[in-house]
There are 2 protein chains.
Amino acid sequence: MTGVSDLTKEQKIMQAAERLFLEKGFALTSTGEIAKDAGCNQALVHYYFRTKDRLFETIFQKKITVFITDFMQIGGKRIPFEEKLRRKIEAHFDMLDANRQLPFLFLNELITNPARIASVKENFGVLPAKVYRQFSEELEKEIAKGTVRNISPLDIVLSVFSLNIVVFLMLPVFREVFGMDEAAFRELADRRKKENVAMVLASLRP
Amino acid sequence: MTGVSDLTKEQKIMQAAERLFLEKGFALTSTGEIAKDAGCNQALVHYYFRTKDRLFETIFQKKITVFITDFMQIGGKRIPFEEKLRRKIEAHFDMLDANRQLPFLFLNELITNPARIASVKENFGVLPAKVYRQFSEELEKEIAKGTVRNISPLDIVLSVFSLNIVVFLMLPVFREVFGMDEAAFRELADRRKKENVAMVLASLRP
DNA sequence: ATTATCTATAGATCTATAGATAATGC
DNA sequence: ATTATCTATAGATCTATAGATAATGC
């Protein structure tokens, strides 16, 4: 009954790093802070991960994998196109809801550290490309059938991303500027989820 | 014919700070770097602005003012509701296009430095509240007339923001991951502008 | 023996200020 | 006299590593 947990120090360091990097980004988080949060000394952080940059890269990769695979989950089941898209949008939204600081982490790092973009490319290379292609083909069929207007898959993906991501990017603004508490934000998020689905689906009508 | 410019050192410092803060955010920009960029020594930055934080605040306020006033420009002229909204969306998009790093700057600072949100509150307090109220009233009339479905003004604003902002937030990703050059991005941006207008307007249909 | 953890510290920033010197305004 | 600009530096980080000590695995 150790209570707090039987995590190894290494795991505790990763946990602390994840929490802090997600909250404040790379630049504003120090290895000393991570160590304090993990309950060890600062040298140990470097013992396990050598450099702050490598530690960050570890977290970043992990998170980006969650992000991408989760998004691509809804597969080729025999469901009508519109219904499948609806589920994809909702799954994306739910994933963001469960990882609210992810969009901030990604944008922050991809913008301030273009070198990091390489690691996205790697993860984007394999699975997602396939799923994207499949989505493209299904879309083309619908366009050919005349059930969907002529629109590029990139435009659909971008719309979904935009509408979903900003709900969580602006969370601190809702909190501080509009004085929303968790309940109020919950209500907003639930409404936006429906709204976003409706908007994207409506935008496909011929 | 001094060539380079007749700006005062103070102005040069502000210019350099603006450029660097917009590019890398607060944390990753040092006063030494700003000084170098402005062609003076680092102490002078502090002579004029006392602290790095105050310098940042100056830039931030300036930019947020541009952001807000530009957005609220399209006023009460006698134009049909839908046409007016279209123009607002396009004006917002164009403003972002002319200040591409603004969304990043805002999000970055509002998320990592909640204290900064106070300065947004101040600027958001006066003019925008009025314009927002006016927009709300016009919207209500349309809903009453039955030309627009029942939707909150916040939802419309959020949709516009989301769709427009992400185009520019993702610029570095388009550049690096998809290998887009300026011409390719220009094409994408022009298409998204139309797309965003169309989506928002379509989402209002009863 | 090897791995995990700690203490201590070198070396690299970086912010902010003190104090000297040059430029400008009356 | 006042304002602008510079040099120099104190003091506060912060990263990374060296080297000592404790814990663990055979």
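Everything quoted here is computed from the prediction, not taken from an experiment. Reminder, nothing fancy here: chain letters follow the sequence lines and each chain counts from 1.
Using a 4.0 Å heavy-atom criterion, one finds that B:Thr29 contacts the sugar-phosphate atoms exclusively.
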TODO: Using the salt bridge (charged side-chain N to carboxylate O under 4.0 Å, His left out) rule, take B:Lys88 and B:Glu138 through it: C-alpha gap first, then chi angles, then the decisive distance, then the call.
DONE: CA-CA 14 Å; B:Lys88 271 187 210 277; B:Glu138 291 175 35; over 6 Å; no
Task: Step-by-step salt bridge (charged side-chain N to carboxylate O under 4.0 Å, His left out) determination, A:Glu57 to A:Arg50 - done: CA-CA 12 Å; A:Glu57 190 77 16; A:Arg50 226 164 70 67; over 6 Å; no
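Here the straight-line distance linking atom CG of B:Asn164 with atom CG of B:Asn196 works out to 5.0 Å at 0.5 Å rounding. Considering CG of B:Leu169 and CG of A:Asn108, their distance stands at 11.0 Å, rounded to 0.5 Å. Between atom OG1 of residue B:Thr51 and atom CZ of residue B:Arg54 there is a gap of 6.0 Å, rounded to the nearest 0.5 Å.
Aromatic ring centroids of A:Phe93 and A:Phe168 lie under 6.0 Å apart.
The side-chain heavy atoms of B:Lys63 and B:Glu18, taken from C-beta on, include a pair separated by under 4.5 Å. In this structure, B:Asn99 and B:Leu105 have side chains that are not in contact, with every pair of non-hydrogen atoms separated by 4.5 Å or more. Considering only heavy atoms from C-beta on, B:Arg191 comes within 4.5 Å of A:Leu154 through its side chain.
For DNA chain C, the residues of residues 35-51 of chain A within the heavy-atom distance limit of 4.0 Å (strictly under) are A:Cys40, A:Asn41, A:Ala43, A:Leu44, A:Tyr47, A:Tyr48, sorted by number.
For the pair B:Asp97 and B:Arg186, the salt-bridge criterion is met [side-chain N within less than 4.0 Å of a carboxylate O].
Nucleotides of DNA chain C with any atom under 4.0 Å from a heavy atom of chain A span, from 5' to 3', C:dT3 to C:dT7.
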Open item on the list: Once pairs are restricted to Watson-Crick or G-U wobble with both distances under 3.5 Å, how does DNA chain C read as a dot-bracket string, [ ] for crossings and | for other-strand pairs?
Closed with: ||||||||||||||||||||||||..
